[in-house]
Amino acid sequence: RRPCCRKISMKQKSLDPYTSIGTCRYSSNDAAIRSQIEGDTSTARFTSAPILPSSRGFEIKGIPTRQLSSEAIHALSPRGNQDFFGSSSHTGQDVMMMPSLSSIEGKPEDSIAFLPLFKAISTLNRQSPSTDISILDVENVGGTESCDHEEDKLDINGTAATIETDEEVKEIQSQEIVTESQEIVTDPEQEKHRMSCDLGLALQHNPHHPLRYEKVMQLFEEAQTSPHELLENKQIISIFYYLVKTDVSAGFDVLKYYKTRCEEQGRLVGLDMYHRLVNRIRSVELQFKATHYKPKSKTRQMTFDELQKLVGDITEHIKEEYSDGKKMVYQYLLLPELVVSLTCHPNPYVNRSAKPIMDYILETQFPQLNPELYEHLLGMATQNRAGFDFLPYNRVLSQLVSSGHRPKPETVIGVLRSYHPFVDIEATHEVLAIIQKLSSPSVAEDYSVELGTLESISMASARKNIELNLLVWDMAEMFGYNPTESMFEDVIMSFGATRQDENMYSALVDMEKHDFVPSRVLLRYVALKVAYHQKRLDHSNKMLSWTENEHMRSTHTMNALMMGYGIKKDINSAFRVFEDLEKFNLKPDADTFSFLMEILYIDTKERFPYQASMPPRYNKEDVDDVVGASQIVLGAMEEAGILKTKHIYHEHIRLLCALGLLEDANLVLEEALSTRTPVPVASLFMIATRFADRGDFDMALGVAELSVEAGCGELPQLVNRINNIKSPK
């Protein structure tokens with residue numbers, strides 16, 4: 001039998017296919033739903049069998065459906081350009097609709113989507129599909145008798161169906177759109193239900209799909225601007241957790257909107273949402289202008305300025321919204337976590353954004369509610385180099401220890417090493433003092449600092465901070481280290497810079513007791529310091545001459561005092577100090593005689609200034625006096641059994657050149673070469689240039705040829721200097 005045929009117009013449809021959007025799953029075993037689908041249970045044979053394609057289109061377990069035109073499929077589709085539950089394919093003049101089983105969630109035999117649509121399809125006639133999208137011809141197999149009469153052409157509600165023209169259909173459709181839009185506006189519950197369905201469908205797509213992001217943002221903006229509460233709190237939270245993974249800035253906007261709603265409801269936002277937002281900062285990928293740059297993830301990128309502004313907005317939001325009473329706990333927990341998140345970012349410029357926040361935390365003196373978080377922050381000090389543009393780790397460590405927390409030794413030592421090369425004297429001193437406080441015999445943890453680190457700190461603080469130098473010495477003694485030569489030199493220079501002359505001379509004596517020989521450079525530094533003021537120089541002379549100050553008196557301290565008088569050009573006082581060595585049973589050394597030669601050179605240079613264009617006129621008696629004094633020094637050196645060093649040769653050559661005795665200076669140079677004593681480069685330059693200035697270029701070039709033998713290597717610059725004097729441009 002041919003089933004009864006019926007026609008239905010779009011005007012009289014009682015079913016809106018758009019209301020079927022969502023993730024609803026209808027079980028075919030549900031009697032109520034089956035009754036709704038079948039309409040007449042006496043004639044329908046609708047079961048839970050899967051949808052199967054056939055040559056006639058497709059069928060649902062014995063219910064064959066007629067082919068639909070592509071226009072009809074598009075009109076019924078609630079998803080725009082996509083087909084409602086399948087795909088259309090053109091075969092000649094006919095259009096066949098092929099159902100897609102993959103679009104049905106779950107098992108096809110248990111669930112069928114969009115059942116109201118199938119109800120409409122299964123109740124229409126078997127005639128060929130109309131090309132007019134306003135008329136849908138669908139086959140109804142529920143009838144058992146033929147019905148060709150006009151009165152049998154009823155719609156699905158049993159009322160008479162009318163066929164409209166194209167103009168009437170367009171007018172009807174426009175009226176329906178206006179009517180539906182008015183219903184949406186005037187019915188908040190329906191709009192709320194629609195938005196809930198759309199949000200549920202959007203959140204099921206690929207998390208990184210751009211259409212999903214746009215859809216979620218569209219729904220949130222629509223809910224934000226609506227006067228009604230279209231979204232539940234749980235749905236807003238779902239939007240936040242989705243957007244914060246894709247777009248941190250948009251997630252922050254959702255959080256602020258949710259914060260406003262929570263205030264209206266008289267409650268606080270959960271800390272977990274703020275934790276997720278703050279921790280997301282560390283993985284934000286910055287956008288670069290390079291064209292070849294490929295992002296590491298599909299999340300939205302931000303420029304550095306955008307990220308910096310976002311961090312500032314989050315900080316101000318937390319400060320303003322949680323600034324009184326018990327709400328301050330949010331600041332105590334979230335702002336330190338934000339600092340950790342910023343310091344964990346791979347970009348160093350982002351790391352520096354944490355400094356203003358940490359300064360606020362330290363100035364406000366936050367209670368240490370989560371000391372492990374602060375210790376984790378200190379543990380990253382070695383990765384983020386400390387300095388004036390980075391976090392004040394010393395202050396963080398100080399507040400952490402003051403609160404009663406004992407950080408791990410590796411954390412504290414890492415903070416100390418992060419300040420290398422220890423140019424920040426104040427911060428280094430504070431961290432070292434904390435280590436001294438934490439270290440005690442009763443504590444099992446080992447907070448000991450390596451000797452090399454202490455030496456580096458001592459060297460950095462020399463002449464700058466005597467307190468840090470003394471603290472280094474206390475730490476070395478506490479950890480059982482013996483002081484090194486560099487530590488002695490550093491503390492001596494610090495004493496000299498702070499005018500603690502008594503301690504300075506005592507440290508020089510202690511240095512000798514530890515079998516260290518003070519260098520000539522160190523003694524010259526001490527001489528320069530004491531010679532800065534005449535009163536200080538005379539006071540040093542009195543201290544060293546007092547018989548009860550044996551702990552300050554030694555050959556090296558007397559050498560420094562003697563050189564101080566030489567710098568002041570007081571040659572008589574200098575030689576008196578030299579004569580006092582025997583009085584105090586002190587033996588002179590090589591530095592003693594080299595300083596005496598240097599003192600003679602300083603005095604001679606002052607008396608006979610040299611100019612290449614105008615050779616000085618020497619007085620024979622003055623020259624003989626200086627030469628005689630030098631011979632006295634050399635005689636005393638031989639008597640003391642001191643061998644000539646390169647410094648003695650150098651000062652003797654400079655003295656003879658200052659007197660104009662170039663041949664004698666050349667003889668001294670040859671003497672040094674004969675004893676295989678290395679000669680400084682300055683000695684060769686002085687002799688050679690003085691010969692060249694006098695016009696004796698052969699002797700000048702001869703001296704330059706001795707550079708290799710003197711241990712100075714090739715000196716082409718000296719040869720060029722002689723040639724320039726010979727042939728000036």
Side-chain angles (χ1 to χ4, degrees), residues 13 15-24 77-82 84 113-114 116 173-274 276-277 280 299-300 302 306 309-310 313-314 316-318 320-322:
K13 70 182 191 313
L15 173 66
D16 183 7
Y18 285 79
T19 60
S20 302
I21 303 174
T23 57
C24 303
S77 174
R79 289 179 284 179
N81 296 329
Q82 300 182 11
F84 193 82
F114 316 121
Q173 289 178 348
S174 62
Q175 294 177 358
E176 289 178 351
I177 293 174
V178 174
T179 303
E180 291 176 359
S181 62
Q182 292 177 353
E183 292 177 356
I184 292 176
V185 174
T186 57
D187 190 358
E189 293 297 329
Q190 182 178 358
E191 178 67 12
K192 184 176 181 180
H193 176 69
R194 179 194 65 80
M195 184 170 290
S196 177
C197 294
D198 290 349
L199 180 63
L201 182 63
L203 293 178
Q204 284 187 351
H205 289 169
N206 184 2
H208 300 293
H209 198 283
L211 295 179
R212 176 186 179 186
Y213 170 78
E214 295 176 0
K215 184 63 176 178
V216 173
M217 286 297 300
Q218 178 184 357
L219 293 174
F220 170 69
E221 293 174 358
E222 184 178 351
Q224 191 177 17
T225 56
S226 175
H228 307 287
E229 292 186 359
L230 302 180
L231 293 175
E232 300 291 341
N233 290 338
K234 292 183 179 180
Q235 294 173 331
I236 299 177
I237 295 175
S238 300
I239 293 176
F240 166 77
Y241 279 109
Y242 162 70
L243 290 179
V244 80
K245 293 186 299 182
T246 308
D247 187 352
V248 184
S249 180
F252 180 52
D253 294 337
V254 176
L255 182 59
K256 290 189 293 184
Y257 172 74
Y258 183 63
K259 172 68 172 57
T260 304
R261 175 177 288 191
C262 289
E263 286 182 352
E264 297 174 356
Q265 298 174 358
R267 59 191 184 89
L268 296 176
V269 181
L271 271 173
D272 55 337
M273 298 180 68
Y274 281 102
R276 177 64 64 87
L277 175 68
R280 182 66 179 80
T299 58
R300 181 179 178 271
M302 304 179 67
E306 292 176 346
K309 183 179 182 301
L310 175 62
D313 293 342
I314 294 175
E316 293 301 323
H317 170 79
I318 296 175
E320 294 176 0
E321 299 295 336
Y322 306 99

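A quick note: this is a predicted structure, and the numbers were derived from the prediction, not measured.
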inquiry  = Strictly distance-based, threshold 3.5 Å: is any side-chain N or O of Ser226 a donor or acceptor partner for the main-chain N or O of Glu222?
reply    = no
Residues Asp272 and Tyr241: closest non-hydrogen pair is OD2-OH, 3.2 Å
dist Leu219:CG -> Leu230:CG (nearest 0.5 Å) comes out at 10.0 Å
Original post:
Going through the checks in order, is the side chain to side chain contact (heavy atoms under 4.5 Å, CB included) test met by Leu201 and Lys215?
Top reply: CA-CA 10 Å; Leu201 182 63; Lys215 184 63 176 178; over 6 Å; no
Output for pair (Ile314 CD1, Leu255 CG), nearest 0.5 Å, gives 8.5 Å
Measure up the Tyr274 and His317 rings against each other and bin them: parallel (under 30°), tilted (30 to 60°), perpendicular (over 60°). parallel
Output for pair (Met195 CE, Gln190 CD), nearest 0.5 Å, gives 12.5 Å
Between Phe240 and Met273 the two heavy atoms that sit nearest each other are CZ-O, 3.3 Å
Output for pair (Glu221 CD, Glu214 CD), nearest 0.5 Å, gives 10.5 Å
- Backbone N or O of Val248 within a donor-acceptor pair of the Arg280 side chain at under 3.5 Å? no
#### Entry: Arg194/Glu189 ion pair, N-O < 4.0 Å
no
Rounded to the nearest 0.5 Å, the CD1 atom of Ile237 sits from the NZ atom of Lys234 at a distance of 8.5 Å
message = Any donor-acceptor pair under 3.5 Å linking the side-chain atoms of Asn233 with those of Gln265?
response = yes
request  = Taking the side chain as every heavy atom from C-beta outward, state whether Glu263 and Glu321 have any atom pair closer than 4.5 Å.
outcome  = yes
| Checking Arg212 side chain against Leu203 main chain: does a donor-acceptor pair fall under 3.5 Å? | yes
Here the gap from Tyr258 atom OH to Ile239 atom CD1, rounded to the nearest 0.5 Å, amounts to 12.0 Å
*asked:* Applying side chain to side chain contact (heavy atoms under 4.5 Å, CB included) to Val254 and Tyr242, what does each step give before you reach the verdict?
replied: CA-CA 10 Å; Val254 176; Tyr242 162 70; over 6 Å; no
Between Glu306 and Ser249, is any side-chain donor less than 3.5 angstrom from a side-chain acceptor?
-> no
Please check if the number of heavy atoms outside Lys256 that lie under 6.0 Å from its NZ is greater than 12.
yes
Heavy-atom nearest pair, Gln235 first then Leu199, reads CB-CD2, 3.7 Å
Pairing of Glu232 and Lys192 as salt bridge, 4.0 angstrom limit: yes
For Cys262 and Val269, the nearest pair of non-hydrogen atoms, with its separation, is SG-CG2, 4.0 Å
Quick one: does Glu191's side chain get under 4.5 Å of His228's, heavy atoms only? no
Phe220 ring center within less than 6.0 Å of Tyr257 ring center:
yes
> Looking just at side-chain N and O atoms, do Tyr213 and Asp247 make a donor-acceptor pair shorter than 3.5 Å?
Replying inline: yes
